[in-house]
Amino acid sequence: MPDSTAPTQPEGPMSPQREEPTSASPETSRDDGGPRPSQSPADRPVYVIGGGPGGLSVAQALRARGIRAVVLEKSDRVGASWRRHYDRLHLHTTRRLSALPGLPMPRRFGRWVSRDDVVRYLEKYAEHHQLEIVTGVEVSRVERAPDGTGWLLHATGGRELTGGAVVVATGHNHTPRLPDWPGRDTYSGELRHARDYRNPEPYAGQDVLVVGVGNTGAEIAVDLVEGGAARVRLSVRTAPHIVRRSTAGWAAQYTGVLVRRLPVRLVDRLARPLAKVSVPDLSAHGLPRPATGLYSRVTEGSIPVQDVGLVDAVRGGRVEIVAAVQAFENGEVLLADGSRVTPDAVVAATGYRRALEPLVGHLDVLDDRGRPVVHGARTPRNAPDLYFTGFTNPISGMFRELAIDAEKIARTIARRTADRVSRLPG
C-alpha cells in the first residue's frame with residue numbers, strides 16, 4: 001500500500017518544505033531570513049513529536065476538538081518503528097481493542113493483526129483524519145518559550161518552533177539497548193540487536209543464541225526454530241511469567257483489562273492458580289515459575305510473555321534454555337553458570353532505552369530510569385502543557401491505552417490551553 005500520508009520531501013539543505021509566513025504558520029521570519037518563534041498565541045499549534053500510533057491518535061483527538069496539531073516525524077513516513085519489526089510479528093492484543101480513536105481496524109486483518117497490517121492501518125489513519133504531518137524533522141530539544149508561555153522546539157535545520165503545548169510520543173522502543181558485555185567487541189560470530197532481526201532465512205542451519213526472554217526474544221527463538229536454524233538456545237536471566245495469548249477464545253488482554261485497576265497483591269494471588277492450570281511447569285527445562293507475582297512484575301516493567309509457540313518448543317527440546325550471558329571470551333560466550341557456548345550468531349533481545357534525556361532531560365521531568373515522571377493527561381508541575389504518551393507498557397494493551405490517553409490529553413488541552421493554541425479554521 002503506498003504511503004497515504006504524502007510525506008513532505010525536503011526542498012533545500014536546511015529544512016523540509018517551507019511555508020510562506022502566514023497568520024496560521026508556526027514560524028515567522030527574522031530580518032536575516034531565518035526562522036524565529038511566533039509570538040502570537042493564535043499561531044501556536046500543539047506540536048506532537050513522533051508519528052507512531054501514540055502521536056497520530058493524539059493529533060486526531062485534538063483535531064476532533066478543533067485544535068491544530070502538527071505531528072513532527074523524523075523519518076520519511078509514519079509508523080517508522082513498526083516498519084522495522086521482524087516479519088512474523090503480530091499484535092498480542094485483539095484487533096477490536098487495538099484500534100485508535102475514530103477508525104476501527106478492518107475485519108480482514110483478522111484477530112491478531114500482523115506488522116504489515118499495522119503499518120497499513122497507521123497510513124490509512126493519517127489519511128482518513130487528514131492529519132497535519134511534517135516528515136524529515138527531528139526535534140533535538142524542548143525548552144520553555146522565551147516569553148514564559150508555551151514551548152520552544154529546536155529541530156532539524158536550525159528550526160525553532162513555538163507551540164502552545166507539546167506532546168512527546170517518541171515511543172517506548174526508541175533506542176536499542178545492547179549490554180556492554182566484557183569482550184563483546186572480540187566476538188568473531190555475528191552479533192546483532194533484535195531490532196535488526198527480520199526473519200530466520202539467514203540463520204538456516206546455524207547455531208543461534210537468543211539473549212533475553214521477553215516477548216521479542218521468545219518469538220524470535222520460535223521463529224528461528226520454525227525457520228530451519230540447526231540449534232536455538234535462549235539465554236535467560238530471570239524466568240518470566242508465561243500466559244496463553246488466548247484460552248478457549250478468551251484473550252489474555254481481556255483479563256489484563258479487567259484487572260488493570262485491582263490491587264497488585266490481589267491480582268498476584270488470582271494469577272497463581274490460573275497459571276498452573278493453563279501453562280505447564282517448565283522447571284525441568286530451565287524455566288521455573290517465578291517467585292514474584294505476575295502483576296508485581298508488571299509494575300516493575302516486566303510484561304508476561306504471551307505464548308506463541310515457546311512452551312511447546314521448550315518442552316520438545318527445540319529451544320534450549322541456558323543461563324544469562326556474562327561475557328564474550330576467546331570467541332565463546334561465557335554464561336552465568338560458568339558454562340561456555342560457541343554459537344554462530346547471537347541475537348540480543350535486550351530491550352530499548354527511551355532516550356529522552358537530550359530532548360527533555362534538562363527539564364527535570366524524568367525519573368532515575370529515564371522515564372517520564374507522569375504520563376497521559378497529567379503534566380509535570382514544573383513543566384505545564386508538556387505531555388507524554390506511550391512510555392508505559394500496560395498489561396491491558398499498548399494500543400488500547402494509547403487511544404485512551406489520546407482522548408484524555410486532548411480533553412485536558414482543550415480545557416486548560418484552548419486560548420493559547422491555534423484553532424482549526426471554521
Side-chain angles (χ1 to χ4, degrees), residues 5 26 37 41 44-75 78-81 100-102 122 125-126 129 131-135 137-145 149-155 159 161-174 354-356 358-361 363 365-366 371-392 398-399 401-418 420-424:
T5 62
R44 292 185 173 182
V46 177
Y47 281 111
V48 181
I49 306 175
L56 297 181
S57 57
V58 170
Q60 185 278 333
L62 288 166
R63 183 178 179 84
R65 289 166 174 79
I67 296 172
R68 185 182 177 209
V70 179
V71 178
L72 303 176
E73 167 56 46
K74 69 177 182 180
S75 73
V78 299
S81 64
L100 301 179
L122 295 178
Y125 191 84
H129 291 297
L131 301 182
E132 187 173 354
I133 301 170
V134 184
T135 58
V137 174
E138 181 173 9
V139 179
S140 57
R141 184 179 175 89
V142 176
E143 58 189 31
R144 294 298 293 178
T149 64
W151 293 95
L152 177 65
L153 286 69
H154 298 271
R159 277 192 164 188
L161 309 172
T162 305
V166 170
V167 182
V168 180
T170 49
H172 190 270
N173 296 341
H174 187 274
R354 315 296 168 258
L356 291 169
L359 188 68
V360 296
L363 298 173
V365 295
L366 305 177
R371 302 173 303 184
V373 294
V374 297
H375 69 277
R378 299 170 59 200
T379 62
R381 290 184 179 180
N382 59 326
D385 304 324
L386 178 65
Y387 300 86
F388 296 89
T389 185
F391 296 99
T392 60
M398 176 67 81
F399 273 56
E401 295 301 324
L402 289 174
I404 293 172
D405 277 353
E407 296 289 352
K408 290 180 177 179
I409 290 170
R411 279 200 304 267
T412 302
I413 291 176
R415 185 179 70 251
R416 290 174 28 181
T417 324
R420 303 194 301 273
V421 296
S422 305
R423 307 294 299 190
L424 293 171

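Going from atom CG of L100 over to atom CD of Q60 covers 8.5 Å, rounded to the nearest 0.5 Å. Rounding to the nearest 0.5 angstrom, the gap separating the OG atom in S140 from the NZ atom in K74 is 11.5 Å. Interatomic distance, CG of L153 versus CD of E138, reported as 12.0 Å (0.5 Å rounding). Atoms CG and CZ, on L356 and F388 in that order, are 6.5 Å from each other to the nearest 0.5 Å.
Residues I413 and A165 approach most closely at CD1-CB, 4.3 Å, considering heavy atoms. In plain terms, the two heavy atoms of L131 and L56 that are nearest each other are CD1-O, 3.7 Å. Heavy-atom minimum distance, V365 versus P380: CG1-CG, 3.6 Å. The minimum heavy-atom distance linking A126 with I133 is given by the pair CB-CD1, 3.6 Å. Closest of all the heavy-atom pairs between G376 and Y387 is O-CD2, 3.5 Å. What you find for T162 and Y47 is that their closest heavy atoms are O-CE1, 3.6 Å.
S57 places a side-chain heavy atom less than 4.5 Å from the side chain of Y125. Contact check for V142 versus L152: no side-chain heavy atoms found under the 4.5 Å cut-off. In this structure the side chain of L161 never reaches within 4.5 angstrom of the side chain of W151, judged on heavy atoms. Here the side chains of L363 and L386 are in contact, with some heavy-atom distance below 4.5 Å. Side-chain contact between I67 and R423 is present, with heavy atoms from C-beta onward closer than 4.5 Å. Using a 4.5 Å heavy-atom threshold, the side chains of R63 and R68 count as separate. You'll find the side chain of V421 stays beyond 4.5 Å of the side chain of R44, heavy atoms only. Counting only heavy atoms from C-beta outward, the side chains of H172 and M398 approach each other to under 4.5 Å.
When V71, I409, D385 are each tested for a side chain to side chain contact (heavy atoms under 4.5 Å, CB included) with V167, only one passes: I409.
Remark: R65 engages E407 in a salt bridge, criterion side-chain N to carboxylate O under 4.0 Å.
Inspection of the T149 and R144 side chains reveals no N or O donor paired with an N or O acceptor under 3.5 Å.
T135 places no side-chain N or O within 3.5 Å of a backbone atom of E73 that could act as its donor or acceptor partner. Between the D405 side chain and the A377 main chain, no donor and acceptor come within less than 3.5 Å of each other.
Remark: R371 engages D367 in a salt bridge (Lys or Arg N to Asp or Glu O under 4.0 Å) (not counting sequence neighbours). Qualifying salt bridge (Lys or Arg N to Asp or Glu O under 4.0 Å) partners for R354, counting only residues two or more places apart in sequence or in other chains: none.
Counting heavy-atom neighbours within 6.0 Å of R416 CZ, excluding the residue itself, gives a total above 12.
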Could you check V70 against L72 for side-chain contact (heavy atoms from CB on, under 4.5 Å), going step by step and ending with a plain yes or no?
CA-CA 6 Å; V70 179; L72 303 176; 4.0 Å; yes
For the pair H154 and E143, evaluate side-chain contact (heavy atoms from CB on, under 4.5 Å) and give the outcome as yes or no after the intermediate values.
CA-CA 8 Å; H154 298 271; E143 58 189 31; 3.0 Å; yes
